[in-house]
**Q** 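I'd like to ask you about the structure that follows.
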Protein chains: 2
Amino acid sequence: MAANRRPTLADVAREVGVSAKTVSRVLNEDGPASAETREQVLAAVAKLGFQPNLMARNIRVGGPDTTIGLVVPDLGNPFFGAVARSIEDTVRDRGLTLLMGSSADDPDRERALTDKFLSRRVSILLVVPSVGADHSHLKTHRATGLPVVFIDRPGVGLAADSVVSSNRTGAHDGVAHLIAHGHRRIGFVGDLPVKLYTRRERFAGYRDALERAGLPYDRSLVTNAHDQQGASAATSRLLGLADPPTALFAGNNIVALGIVAELARSRRKDVAVVSFDDVPLAEALEPALTVVAQAPEEIGRTAATTALSRLDGDRSRARTITVPTRLIVRGSGERPAPELQRA
Amino acid sequence: MAANRRPTLADVAREVGVSAKTVSRVLNEDGPASAETREQVLAAVAKLGFQPNLMARNIRVGGPDTTIGLVVPDLGNPFFGAVARSIEDTVRDRGLTLLMGSSADDPDRERALTDKFLSRRVSILLVVPSVGADHSHLKTHRATGLPVVFIDRPGVGLAADSVVSSNRTGAHDGVAHLIAHGHRRIGFVGDLPVKLYTRRERFAGYRDALERAGLPYDRSLVTNAHDQQGASAATSRLLGLADPPTALFAGNNIVALGIVAELARSRRKDVAVVSFDDVPLAEALEPALTVVAQAPEEIGRTAATTALSRLDGDRSRARTITVPTRLIVRGSGERPAPELQRA
DNA sequence: TTGTAGGCGTTATCAA
DNA sequence: TTGATAACGCCTACAA
């Protein structure tokens, strides 16, 4: 039960009777080595179960480590799960390993995570910025060549690349779709906090659509929710108004779940719904859920390739890349307004 | 635009005019330091933006790094996303950082990931074993004190802890529920490959339930699917049989999505369904989806706490911890069989 | 083809 | 209270 030390290069060298450098050469296919030496070394490596210490190697070689740091609000949110998978797929053949953490949208936790990643000398930093976070502390790192890419929302206080969805036009399109089907009172259920970038942009798209259609903006139709239960409650509140909305626009996937659940619970089939971001089983609902779909895989891939090209020396100006959304018509967004109001 | 070196302990020391060790002492609150020195050091640290190199520190200190390695089949699967979040929550206050990777259920990729993690000297290894993977190569590491915990499925060739759902009894309960509602021909749509541990266990539970009820086992009612589309196809195939099932049991969450989608598409309201593993919006379906719910948060937490207690010196025998599942009755599992067959 | 010396950034040890 | 020296495991540079 001895907690034995892991074997080192020197242990392997001793086993074979050569110098550590020779072992290093064989393993890294650096410099020459006689066939016999090579064979003996490999045998000893297998026998001892030697695995090179990547941290020691990195210390010596200098430069960034072969890791990539990723901060998301919540590992359990399917949207960020899909983004993370896509990032991993993209960087795999570069041999990069993923360091991940959830910020819970807390700037302090985000900072703690990025600091840890920086202390580990990650080669790339990918961050979904939390509300209220400031990223000016990353300036020095950017200057020394660390690629930083913001995902889903732009960063604050730092000129770095970001990859976001077409939130404003996407939301506009979804709301315009409802208007096209005769709705004049359209509720908006957004995320919290209201300062959240995606919430602001999507809300702006909502107002754009109203304005272009010449519809009045009614503040009482706008509400917010932090989670699925909150969205259900918000839905119920909206529908209980004296002059309730005939359609609802969901500001994100979690909110959509809450709205749909509440409508099912109260057996309200007459309320039209369009959601920003797709959800599983959207097609199996009755009616199926019309959504403005995001492309998490493309977002992740774009963020990763952008970061990699920076790593490879791309010094062009920081870009904001907008990944288009797509309206998927399935039924819930096409329920007609119960009565077309007279002008 | 100079790609400047990151500041080191020596840089800070030079700035203040003390030795590197003194700076180290201040930062680690090791040994004594005069108030003045401390203040000067902290000022210099802030000025230079010094962040200790965790890799260098670890080299010197020896022992495992403050990272934890986690291998899952797919970062994008909500089940594993929930498990990962729960693990992170559990280890956060120990200061551990998560190293993650997707194996795609490929033993080679799993091995590549674990090898990378081991080369990084993770303090804990958490693995969802791939089908066909062998874990005997981890014996040495276990012997040197590395905690290894398998999640969702037991490992092969290594006596280590594992945390799994009560697959067999859970599946039994779900199928028995269908039987109790009069169904005698119950289709089973499992995952692929059929050798997958969870698939085998759940299938065994299915057969248990049939046997206890004295129902015949009909091989033509058993099918499998790799993804949602495959599950839809399998569903359609089963329902097209000459003597089709009146109820379906879904072997996992992805399969459930496929079954529900296909039933919605073909407007089959008469087929009863119970799913192993819960899905979002299950309550909003019509009828709502009856499930055998797993507890991913509890699975993650249990795996993490087990590993931490091993890290803290627990040398007791390896355990297999079974996290109970729970039948959630919502409607789809209670649709009665169309006609009760005569005995 | 192989080995030696030295250093990466940090901390342990011992001395001052 | 502080510092010099050595060492962690590995690689670079140079020499043999």
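Each chain gets a letter, A, B and so on, in the order the sequences are listed, and its residues count up from 1. Because the structure is predicted, anything quoted here is derived from the model rather than measured. Hydrogens, waters and symmetry mates are skipped; everything else that's a heavy atom, side chains included, is used.
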**Q** With rounding to the nearest 0.5 Å, note down the distance linking CE in A/M55 to CD1 in B/I59.
**A**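 CD1 of B/I59 is found 5.5 Å from CE of A/M55.
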
**Q** Is the base of D/dC10 touched by the side chain of A/R60 through a donor-acceptor pair closer than 3.5 angstrom?
**A**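 Side chain to base: no pair below 3.5 Å.
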
**Q** Among residues 19-33 of chain A, which ones have heavy-atom contacts with DNA chain C below 4.0 Å?
**A**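 Only A/S19, A/K21, A/T22, A/R25, A/P32, A/A33 qualify.
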
**Q** What I want to check is whether the side chains of A/T66 and A/R57 have a donor and an acceptor closer together than 3.5 Å.
**A**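 Short answer, no.
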
**Q** Measure the spacing between NE2 of B/H137 and NE2 of B/H135 and express it to the nearest 0.5 Å.
**A**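 So the NE2 of B/H137 and the NE2 of B/H135 are separated by 6.0 Å.
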
**Q** Any side-chain N or O of B/T37 under 4.0 Å from OP1/OP2 of D/dT1?
**A**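 No.
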
**Q** Quick one: do B/D74 and A/R85 make a salt bridge, cutoff under 4.0 Å?
**A**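 Result for this pair is yes, salt bridge flagged.
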
**Q** Considering every strand and a 4.0 Å limit on heavy-atom distances, what is the contact class for A/I59: base, sugar-phosphate, or nothing?
**A**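 Result for A/I59 = base.
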
**Q** Would you call B/D108 and B/R111 a salt bridge, taking side-chain N to carboxylate O under 4.0 Å as the test?
**A**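 Result for this pair is no, no salt bridge flagged.
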
**Q** Looking at D/dT2, I'd like to know if its phosphate oxygens (OP1 or OP2) sit under 4.0 Å from a side-chain N or O belonging to B/S34.
**A**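 Result: yes.
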
**Q** Show me, pair by pair, the donor-acceptor contacts under 3.5 angstrom made by side chains of residues 34-44 of chain B, not counting sequence neighbours?
**A**
from: B/S34; atom 1: OG; to: B/T37; atom 2: N; distance (Å): 3.1
from: B/S34; atom 1: OG; to: B/T37; atom 2: OG1; distance (Å): 2.6

**Q** Please state whether the base of C/dT10 and the side chain of B/R57 form at least one donor-acceptor pair under 3.5 Å?
**A**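 For B/R57, whose side chain was compared with the base of C/dT10, there is no donor-acceptor pair (under 3.5 Å).
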
